[in-house]
Student: 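Just passing along the structure, written as C-alpha cells.
Just so it is clear, the values below take in all heavy atoms, side chains as well, and ignore hydrogens, waters and symmetry mates. Chain naming here is simple, since letters A, B, ... match the order of the sequence lines and numbering starts at 1 in each. These numbers were taken from a predicted model, which means no experiment stands behind them.
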Protein chains: 2
Amino acid sequence: MAGEAVSAFVPGHVTGFFSVHEGDDPMSTGSRGGGITLADGVTVTVRAGERETYLEDTSAPIAPVERIREALDVDATVLVETSLPPGCGFGVSGAAALGTALAAAESFELEYSENELISLAHGAEVRAGTGLGDVVAQARGGVVLRTEPGAPGEGELDGIPARSTVEYLAMDELATADVIGGETDALSEFGQQSLQIVQSEPTMETFMRASRRFAREAELLTPDVIQAIQEANEAGGDAAMAMLGETVFCLGTGLTDASYDAERTAIDPAGATLLE
Amino acid sequence: MAGEAVSAFVPGHVTGFFSVHEGDDPMSTGSRGGGITLADGVTVTVRAGERETYLEDTSAPIAPVERIREALDVDATVLVETSLPPGCGFGVSGAAALGTALAAAESFELEYSENELISLAHGAEVRAGTGLGDVVAQARGGVVLRTEPGAPGEGELDGIPARSTVEYLAMDELATADVIGGETDALSEFGQQSLQIVQSEPTMETFMRASRRFAREAELLTPDVIQAIQEANEAGGDAAMAMLGETVFCLGTGLTDASYDAERTAIDPAGATLLE
C-alpha cells in the first residue's frame with residue numbers, strides 16, 4: 001500500500017581529508033577525499049502524513065530532507081532517529097537525505113533506481129550547502145575513497161578493505177557551510193595530496209596518517225582535538241580529526257584507553273539499506 | 001600477523017538477463033545485465049599454508065581462485081564453504097574468486113584497494129571462462145544492474161532498491177562456458193533489450209518480467225523450468241530462470257507455496273565483506 005511506513009538505515013560518515021570541486025551543476029559538484037562509514041548511523045522512517053520532519057521527538061526541518069520531499073512531491077512525514085550528534089562531522093544531514101530518498105521511494109512505490117535516489121540526495125545536500133561527499137560514501141559503505149567528485153555517473157569511488165573497531169569523541173560543532181563556503185583553494189590542494197598518498201598505498205595506517213596531515217596543513221585542528229589525538233595514539237590507537245566537527249575518530253580503543261568518554265562502533269560494511 | 005586466518009563473505013548472485021561484451025582485455029570484457037544478490041552466499045577463509053583449495057572438506061581446484069593465488073603470489077590455503085550448488089547459476093565461482101582476493105589481501109597485509117581486488121577477481125573469472133558479471137554485482141550487493149560491462153573503472157553499475165524474500169530451486173547444471181563461449185549475438189541483443197526495459201522502469205516487477213522475456217527469447221528455458229515458473233507464479237510468487245543453470249528463482253514464497261522443495265533466502269543488502 002502506497003504510503004505505508006518504510007525505514008532505511010544510513011551509516012554515519014567521518015571524513016578524514018577532502019578537496020572541494022565546484023561543477024557546472026549539483027551532480028558534478030562534490031568533493032574528492034576519504035572517509036570511514038560507521039555502524040552507528042541514522043534511521044529514517046517515511047510514512048504518509050503531514051509534510052513534517054521530526055528529529056527524534058522534535059519537529060525540525062532538515063534542509064536537504066525538505067528538498068527531497070518537494071522533489072518527490074509526496075505527502076510524507078519523515079522521522080529521523082540517530083545517536084550521532086548533528087553538526088559534528090558525522091554526515092547526519094547526508095544520511096537523513098539519503099534515507100529519506102530511499103524510504104520515500106519504497107513507501108510511495110516510486111520508480112527510481114538506486115543511482116537516481118543517491119543523485120537526488122547528493123544534489124539536495126549540495127544545494128543546501130550541508131555537504132559535498134557524505135551521500136555517495138554512505139551509499140557504498142566501508143572505508144570510502146572519493147576519487148572523482150559528484151553523484152553516481154559523474155563521480156567515482158574506491159575503498160580500502162578493512163575491519164576495525166572505531167571510537168569517536170564529539171567535542172563541539174563546526175559549521176560545514178562556513179568552511180566549504182569560504183576560500184578553499186589551499187585546503188583543496190592539501191586534500192588532493194592526502195588522497196594521492198592513500199591511493200598509492202591503500203592501507204588504514206596510511207589513511208589515518210594522511211588524515212592527520214590534512215587537518216594539520218589545512219589548519220583545522222583545535223587544541224582539544226590535538227590533545228585527544230595525541231593521547232589516543234599514545235594509548236595505542238590511531239586517531240585523526242573528523243571533517244567538519246571538533247571531533248576525533250580513532251581506529252581501535254585508543255580514546256577510551258586514554259580515559260576519554262568516547263563512543264564505540266565499527267566500520268559499517270554495507271552502506272545504506274532499506275530495513276525490513 | 002601476516003598469514004593469519006581471515007574470512008570473507010560474498011553473496012550468491014542469480015542473473016536474470018545479460019549480454020556478452022568482448023573487450024580488448026579482461027578488464028573491459030564483461031556483461032551488461034541484471035541480477036539479484038542473495039543472503040545465501042559463499043564464505044572463503046584464507047590462511048598461510050600449502051597452495052591448496054578446499055570446497056568444504058574436499059581438495060578441489062577452482063580455476064579463478066588458483067589464478068588469484070598465483071597473481072598475489074601467496075603461500076595460502078583457501079577454504080570455500082557454501083550451501084549453494086556450484087554450476088547452477090548462483091555465481092559460486094565468482095564469489096570464491098572475490099572472497100579469495102579480499103581475504104588473502106587482508107591476511108597477507110597486501111596493499112590493494114577494493115576496486116583493485118574486485119578487478120583482480122573479475123579478470124580471473126573472465127580468463128577462466130567461468131563468468132562475466134557476477135563479481136562486480138557481488139561486490140555491490142542488492143539488486144544490481146550492470147549498465148556498462150567490465151571491471152571497476154570500465155564498467156558501471158546501478159541498482160533497484162528492494163527488500164524481499166527470495167526462493168530458489170536448483171534442478172540441474174548448465175555449463176556457463178558452453179553458452180558464453182558459443183555464438184552469443186542473438187542472446188546479447190535480447191539481453192540488451194531486457195536491460196533497457198528495466199532501466200526505463202526500475203521496479204522489481206519489471207525486472208522479473210524482463211528476466212522471463214530474456215529466458216524465453218534466448219531459448220534457454222527447459223520444460224522443468226517452465227513448469228516451476230508457472231506454478232510459482234500461480235501460487236502468487238514472481239519467478240524467473242537463473243542464468244546459467246536449470247534453476248528457478250522467485251520473489252516471495254511462490255515456489256514453496258506451490259509445494260516445491262525450494263530454499264529460502266533474501267536479497268543481500270551489503271555485498272562482499274570481510275568477516276570479523
Student: Measure distances from B:L145 to the heavy atoms of chain A and classify the residue's part below 4.5 Å as side chain, backbone, both or neither.
Tutor: neither
Student: With only heavy atoms counted, which part of A:P269 is less than 4.5 Å from chain B, the side chain, the backbone, both or neither?
Tutor: both
Student: Please state whether the side chain, the backbone, both or neither of B:S164 comes within less than 4.5 Å of a heavy atom of chain A.
Tutor: backbone
Student: Can you name the nearest heavy-atom pair linking B:D158 to A:N115, along with the distance?
Tutor: OD1-N, 2.7 Å
Student: Look at B:A266, B:A270, B:G159, B:G271 and state which one has the largest set of heavy-atom pairs under 4.5 Å with chain A.
Tutor: B:G159
Student: Given a strict heavy-atom distance threshold of 4.5 Å, which part of B:A162 is in contact with chain A: side chain, backbone, both, or neither?
Tutor: backbone
Student: Taking side chain as everything from C-beta outward and backbone as N, CA, C, O, which of these in B:P161 sits under 4.5 Å from a heavy atom of chain A? Side chain, backbone, both or neither.
Tutor: both
Student: Quick check on B:I267 against chain A: is it the side chain, the backbone, both or neither that has a heavy atom closer than 4.5 Å?
Tutor: neither
Student: Hey, which of A:E156, A:Q199, A:R140 has the most heavy atom pairs under 4.5 Å with chain B?
Tutor: A:R140
Student: Which heavy atom in A:T203 sits nearest to a heavy atom in B:E111, and how many Å separate them?
Tutor: CG2-CG, 3.3 Å
Student: In terms of heavy-atom proximity below 4.5 Å to chain B, should A:S113 be classed as side chain, backbone, both, or neither?
Tutor: both
Student: Which atoms of A:L110 come close to chain B, meaning under 4.5 Å heavy atom to heavy atom: side chain ones, backbone ones, both, or neither?
Tutor: neither
Student: Against chain A, label B:E106 side chain, backbone, both or neither, depending on which of its atoms sit under 4.5 Å from a heavy atom there.
Tutor: side chain
Student: Go through the atoms of A:L274 and report whether side chain, backbone, both or neither lie under 4.5 Å from a heavy atom of chain B.
Tutor: both
